[in-house]
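Notes follow once the structure below has been shown.
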Amino acid sequence: MNTTLILARRAFREGIRQPDALLPTLFIPLFFLIVNVGQAAKIFPTSGTPFLAGQNYAAFQLPMSLITAASFGTAALYLVEEIEGGYFDKLRATPIPRASIVLGRLLAEVPKSILISTVMILVAFPFGVRIRAGIGGYLLIVLLIAGWALVFSGLMQLLALKTRSAAATNSGSLVFFPLLFLTPSLVPREQLSRPMEIAASLNPVTYVMETARSLTLYGYQWATIGRGFLVVGVGLAATLALSVRAVNRYD
Amino acid sequence: MTTTPAIQATELVKTYSGKDGEVQAVRGVSLSVEPGGIFGFLGPNGAGKSTTVRMLTTLMTITSGRAIVAGIDVASDPDGVRNKIGVALQEAGLDLRQTGRELLQLQGRLFAMSAADAATRADELLELVELTDAADRRIQGYSGGMKRRLDLASALVHRPEVLFLDEPTTGLDPASRIVVWDEVRRINEAGTTVFLTTQYLEEADQLCDQLAIIDAGLIIREGSPQALKDELAARVDLGREPSLDDVFLDATGRTRDRVAGQVQEVRS
């Protein structure tokens with residue numbers, strides 16, 4: 001078996017053994033969902049709010065929560081813990097491609113992200129939220145969100161490799177967090193104020209959110225879906241290339 | 001007949017870029033370690049011991065100079081070297097969320113063993129370091145001594161020709177230290193060359209056939225423990241048989257007024 005898969009299996013096993021690290025990933029996005037819907041649902045009733053396309057406001061908010069959950073990856077924190085504890089050097093002293101060390105951890109984020117996205121969609125189901133694009137739409141959403149989880153975790157791993165510090169890696173995730181809110185998180189992009197619309201248009205997270213939202217509310221809008229997957233693809237290629245470069249040059 | 005050294009370092013230099021300019025942690029270390037022995041590498045904190053070990057074990061690039069380990073050039077074929085060496089660094093580098101058995105099996109897989117071979121080898125090693133009873137417990141529950149023994153075992157998974165141990169007993173209680181010494185002897189008797197860094201002179205005296213003392217990035221004494229003591233006795237009258245402590249102090253004493261742990265700094 002490829003060393004990346006061997007290390008991914010180890011990382012996944014660790015994730016399962018640390019449910020306390022997984023719970024906030026589920027709890028905080030659900031908390032945001034409930035709070036945002038609670039605050040704004042009356043402003044945006046199903047009838048009379050065209051952008052909801054017949055669903056309630058929770059369906060509009062669900063993609064934001066899915067993306068938030070995907071931005072809570074633990075790969076970087078475990079990596080920096082291993083750097084500080086010395087196990088990272090132990091792995092580097094084995095004759096495996098060094099890229100496997102970071103790619104293995106990243107790969108383990110995929111099933112975790114799929115699991116969390118599925119749980120969140122199921123939780124939203126009793127509240128009347130439906131995926132307009134059906135099963136295929138659900139699959140595209142979890143794939144997209146898993147891709148975003150890899151982009152975010154890849155960036156954090158890069159930070160971990162560069163700083164070798166748990167504190168700096170933690171702070172780094174806080175720096176990226178505001179990006180989640182410079183998005184059309186409460187209303188569609190065209191209804192934002194002009195400065196916010198410009199900021200949201202420059203923010204790649206916007207396109208991921210709009211893709212998940214279009215699949216939830218409107219069905220298959222291929223131009224929107226294409227933009228979302230392009231953003232994730234480019235982000236993934238860039239973060240993977242930078243992470244692999246960083247681990248290969250680690251001294 | 002001449003034997004190929006297990007480790008041959010020639011004029012090794014490691015330079016870092018610091019905030020105030022260049023820092024030379026190792027300034028031209030040359031040493032030769034014969035196969036089958038236990039080689040002790042001594043020095044005060046910050047003398048360059050760990051940096052030298054990290055260069056020899058492929059974990060750090062070499063600024064200049066050359067290192068051959070187990071007959072393979074470290075710089076040009078690091079994976080070749082990694083297949084021939086075992087490494088146990090200063091911190092017991094372990095993944096605390098795994099069990100001892102899982103850690104050893106994983107290590108075996110990373111050295112290209114099949115799952116069945118890795119499982120068999122893990123069982124052998126757990127028995128060797130007397131951790132069979134704790135094999136299926138998570139490592140985070142192990143004592144310091146148990147972690148050290150597991151770290152040693154993980155360095156032996158692929159039957160290395162040369163074993164690097166960087167301060168293997170630092171932080172251990174005396175009983176655990178003796179257990180680790182016994183393990184090191186046993187490993188060496190099985191044919192593995194051991195390169196050991198330590199700050200404990202008694203440890204070096206007990207275990208090592210050959211020693212080198214490094215200070216400020218340079219080797220300042222080299223030889224067998226007895227030869228180093230004899231050399232000091234011939235040069236200085238202490239009124240008693242010199243100990244390895246005396247040798248160490250004599251070698252490094254000229255820098256006693258320097259702050260312990262500092263490395264030489266060279267402004268570029």
Side-chain angles (χ1 to χ4, degrees), chain A residues 1-22 74-75 77-105 107-108 112 160-166 245-251, chain B residues 14-17 50-51 53-63 72 77-99 102-103 105-115 118 138-140 147 150-151 154-155 157-158 160 163-164 166-167:
Chain A
M1 204 197 305
N2 180 290
T3 49
T4 301
L5 290 177
I6 291 171
L7 289 170
R9 215 169 72 173
R10 170 196 71 124
F12 186 67
R13 189 169 59 213
E14 281 180 356
I16 292 170
R17 286 179 182 172
Q18 290 284 117
D20 47 330
L22 215 59
T74 48
L77 288 176
Y78 286 147
L79 176 69
V80 80
E81 195 180 294
E82 287 182 356
I83 290 173
E84 289 182 339
Y87 190 62
F88 182 68
D89 279 337
K90 195 90 179 176
L91 293 175
R92 287 200 311 132
T94 62
I96 61 171
R98 293 189 173 191
S100 298
I101 301 170
V102 287
L103 296 182
R105 280 225 165 272
L107 207 55
K112 213 169 78 183
L161 287 167
K162 291 285 183 190
T163 63
R164 306 178 189 192
S165 146
R245 184 169 171 263
V247 76
N248 282 334
R249 292 182 169 198
Y250 191 96
D251 201 15
Chain B
K14 182 64 190 179
T15 307
Y16 301 104
S17 293
S50 293
T51 304
V53 169
R54 292 177 77 79
M55 285 193 282
L56 293 173
T57 54
T58 77
L59 293 173
M60 193 175 263
T61 54
I62 297 167
T63 305
I72 302 169
D77 186 8
D79 274 347
V81 172
R82 288 172 197 142
N83 271 309
K84 301 267 187 179
I85 64 169
V87 181
L89 296 172
Q90 240 176 63
E91 316 91 5
L94 301 168
D95 178 354
L96 303 181
R97 290 183 197 88
Q98 296 190 80
T99 67
E102 285 167 349
L103 183 112
Q105 288 179 352
L106 174 73
Q107 192 76 1
R109 300 302 311 277
L110 298 180
F111 278 94
M113 288 182 187
S114 68
R138 301 231 187 119
I139 298 164
Q140 61 199 10
K147 284 178 184 163
L150 183 65
D151 196 25
S154 77
V157 163
H158 54 298
L163 177 64
F164 288 89
D166 193 7
E167 303 195 10

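Numbered from 1 within each chain, the chains take letters A, B, ... in sequence-line order.
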So which part of [X] gets closer than 4.5 Å to some heavy atom of chain B, the side chain, the backbone, both or neither?
| X | result |
| --- | --- |
| Tyr78(A) | side chain |
| Arg249(A) | neither |
| Arg10(A) | side chain |

Exercise for review: Name the member of Ala93(A), Gly86(A), Gly85(A) that forms the most heavy-atom pairs with chain B at distances under 4.5 Å.
Suggested key: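 Among Ala93(A), Gly86(A), Gly85(A), the one with the most close pairs to chain B is Ala93(A).
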
Review point. Which residues satisfy the ring pair (Phe, Tyr, Trp, His ring centres under 6.0 Å) test with Phe12(A), sequence neighbours excluded?
Key: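 Phe12(A) satisfies ring pair (Phe, Tyr, Trp, His ring centres under 6.0 Å) with no other residue.
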
Could you state the interatomic distance from [atom1] ([X]) to [atom2] ([Y]), rounded to the nearest 0.5 Å?
| X | Y | atom1 | atom2 | value |
| --- | --- | --- | --- | --- |
| Lys90(A) | Leu110(B) | NZ | CG | 11.5 Å |
| Asp251(A) | Lys14(B) | CG | NZ | 4.0 Å |
| Leu91(A) | Asp95(B) | CG | CG | 8.0 Å |
| Glu102(B) | Glu14(A) | CD | CD | 9.5 Å |
| Arg109(B) | Leu7(A) | CZ | CG | 10.5 Å |

What are the two closest non-hydrogen atoms of [X] and [Y], and how far apart are they?
| X | Y | answer |
| --- | --- | --- |
| Gln98(B) | Arg17(A) | CA-NH1, 3.7 Å |
| Asp79(B) | Thr94(A) | OD1-O, 4.5 Å |
| Leu59(B) | Arg92(A) | O-NH2, 2.9 Å |

Review point. Do Tyr87(A) and Ile139(B) pass the side-chain contact (heavy atoms from CB on, under 4.5 Å) test, and can you show the C-alpha distance, the side-chain angles, and the key distance before you say yes or no?
Key: CA-CA 13 Å; Tyr87(A) 190 62; Ile139(B) 298 164; over 6 Å; no

Review point. If you count heavy-atom pairs under 4.5 Å between each of Leu96(B), Ile85(B), Val87(B) and chain A, which one has the most?
Key: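 Answer, by heavy-atom pair count under 4.5 Å with chain A: Val87(B).
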
Practice item. Identify which one of Asp166(B), Thr57(B), Leu89(B) satisfies the side-chain contact (heavy atoms from CB on, under 4.5 Å) criterion when paired with Asp89(A). Key: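 Exactly one option meets the side-chain contact (heavy atoms from CB on, under 4.5 Å) with Asp89(A), and it is Leu89(B).
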
Check your understanding: For Lys84(B), is it the side chain, the backbone, both or neither that has a heavy atom under 4.5 Å from a heavy atom of chain A?
Key ->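 For Lys84(B), no heavy atom lies under 4.5 Å from chain A.
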
Check your understanding: Which bit of Ala112(B) comes within less than 4.5 Å of chain A, counting heavy atoms only: side chain, backbone, both or neither?
Key ->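 No part of Ala112(B) comes within 4.5 Å of chain A.
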
